[in-house]
Amino acid sequence: MKNLISITDLTREDIYKLVELAEDIIAHPKDYQEICHGKKLATLFFEPSTRTRLSFEAAMLELGGSVLGFSEAASSSAAKGESVSDTIRTVGCYADIIAMRHPKEGAPVAAAVKSTVPLINAGDGGHFHPTQTLTDLLTIYREKGRFRDLTIGLCGDLKFGRTVHSLIEAMMRYENVNFVLIAPEELRLPDYMKEKMKQANASFRETRRLEDVIADLDILYMTRVQRERFFNEEDYIRLKDTYILDAEKMRLAREDLAVLHPLPRVNEIAVEVDDDPRAAYFRQVKNGKYIRMALLLTMLGLSKEVRA
Ligand code: CP
């Protein structure tokens, strides 16, 4: 794999190998601590991030490699008008692999055309976020032990949520996965996504009320209503607190529910839920580092080094 732009660049087999490698890293971290010695990762973040940027950097450091980059466009020559293509060609002279986040949908595709080193999309606007999806998949696998035979509730901003779209694309490839789409009218899943689900014969239903369906779920994937994707502040204020998962709603859920959230959260999960063993979102954060370690090794062609 030269570049990773969308989760659909990966087959089920690719995903299984990455999950297997991440599990091996979790079990034997010392075996991996020198593999990337001499390799450099560039993290180019034109949009804010905590988890994605820092987990990429932690992943490379734990593999014995080095990191360089910037965390905002204002501190790069983009602020002087440099194109993304020129930035990528330049960084390819310094680094062995690039993780890039950009607010413009499609920017990673244009960047990949010019890149001389492997490029990973670390999120492009409301479009794709494949390494978050890999994080979600590793978390589902670790919490449930399988990708098939699951009922997954996706709750909140299903319209702009790039993590939701990518997770649906990944999970609809597995057998007997039922999606419950929980959103207010204004933030429902776009028609083009529902069309994709129909073409894949994926089972789904839509509702506005979390309370009505929470008892049916194996996984509840909460999302933030994203202020930065709204054109109109009034709409954001009206919709931002539509769903708040709290202890009362958790009492309606199964004992073995796993609650995921890509984070950051604002109000959509009450802090009181954090101590519930079913709250998997901070375990999910940790999984993000391990799956990115597996991805870096794979894309650098070093995944066979340990168990060869
Ligand atoms: N989940 C996620 O992408 O978080 P950050 O925006 O903090 O990277």
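All heavy atoms count here, side chains included; hydrogens, waters and symmetry mates do not. For reference, positions follow the sequence shown, starting with 1.
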Sub-4.5 Å side-chain heavy-atom contact between Leu210 and Leu245: yes
Lys144 NZ: over 12 foreign heavy atoms closer than 6.0 Å: yes
Criterion side chain to side chain contact (heavy atoms under 4.5 Å, CB included) on Lys39 and Ile97, from CA distance to verdict: CA-CA 8 Å; Lys39 298 287 182 192; Ile97 187 163; over 6 Å; no
Row check, Phe45 ring normal vs Arg101 NZ/CZ: under 6.0 Å, within 45°: no
Close side-chain approach of Thr87 to Ser77, heavy-atom, < 4.5 Å: no
Modelled atom types, side-chain donor and acceptor of Thr163 and Gln132, under 3.5 Å: no
Residue pairs fulfilling ring-ring contact (aromatic ring centres under 6.0 Å, His included) with at least one residue in residues 245-282, sequence neighbours excluded: none
Any Asp9 side-chain heavy atom under 4.5 Å of Pro130 side chain: no
Separation of Leu302 CG from Leu296 CG (nearest 0.5 Å): 9.5 Å
Student check: side-chain heavy atoms of Glu57 and Met60 closer than 4.5 Å: no
Ile182, Asp216, Asn178, Leu181 screened by side-chain contact (heavy atoms from CB on, under 4.5 Å) with Arg205, the one that passes: Asp216
Between CG on residue Leu189 and CG on residue Leu154, distance to nearest 0.5 Å: 8.5 Å
Carboxylate-amine/guanidinium contact Lys17 Asp14, below 4.0 Å: no
Donor-acceptor side-chain pairing of Thr8 and Ser6 below 3.5 angstrom: yes
Ring geometry between Phe46 and His102 (parallel below 30°, tilted from 30 to 60°, perpendicular above 60°): tilted
Glu272, CD: over 12 other non-hydrogen atoms inside 6.0 angstrom: yes
Arg162 side chain reached by Asp124 side chain, heavy atoms, under 4.5 Å: no
Atom of Leu138, atom of Ala22 and distance for their closest heavy-atom approach: CD2-CB, 3.9 Å
Phe147 to Val177 - nearest heavy-atom pair and separation: O-CG2, 3.3 Å
4.5 Å side-chain heavy-atom contact, Leu158 and Leu187: no
From CA spacing to verdict: side chain to side chain contact (heavy atoms under 4.5 Å, CB included), Met293, Glu62: CA-CA 8 Å; Met293 288 170 83; Glu62 288 195 24; 3.7 Å; yes
Arg254, CZ atom: more than 12 neighbouring heavy atoms under 6.0 Å: yes
Pairwise distance CZ(Phe160) to NE2(His127) - rounded to 0.5 angstrom: 14.0 Å
Interatomic spacing from CD in Gln33 to CG in Leu61 - rounded to 0.5 Å: 12.5 Å
Check: Glu268 side chain, Val266 main-chain N or O, donor-acceptor pair, under 3.5 Å: yes
Minimal non-hydrogen separation, Phe70 against Arg53, with atom names: O-CD, 4.4 Å
Contact list for residues 167-176, test side chain to side chain donor-acceptor pair (under 3.5 Å), sequence neighbours left out: Arg12-Glu175, Asp149-Asn176, Glu169-Lys196
Pairwise distance CG(Asn121) to CD1(Ile98) - rounded to 0.5 angstrom: 12.5 Å
Criterion side chain to side chain contact (heavy atoms under 4.5 Å, CB included) on Val84 and Met100, from CA distance to verdict: CA-CA 10 Å; Val84 174; Met100 183 183 96; 3.9 Å; yes
Lys194, NZ atom: more than 12 neighbouring heavy atoms under 6.0 Å: yes
Shortest non-hydrogen contact from Thr116 toward Gly92: OG1-CA, 3.8 Å
Side-chain heavy atoms of Ile7 within contact of Leu134, under 4.5 Å: yes
Note, Gln284 side chain near Thr135 side chain (heavy atom, < 4.5 Å): yes
For the student: nearest non-hydrogen atoms of Val117 and Lys2, plus distance: O-NZ, 3.9 Å
Check against side-chain hydrogen bond (donor to acceptor under 3.5 Å, both in side chains), Thr131 and Arg292: CA-CA 7 Å; Thr131 62; Arg292 289 181 175 101; 3.0 Å; yes
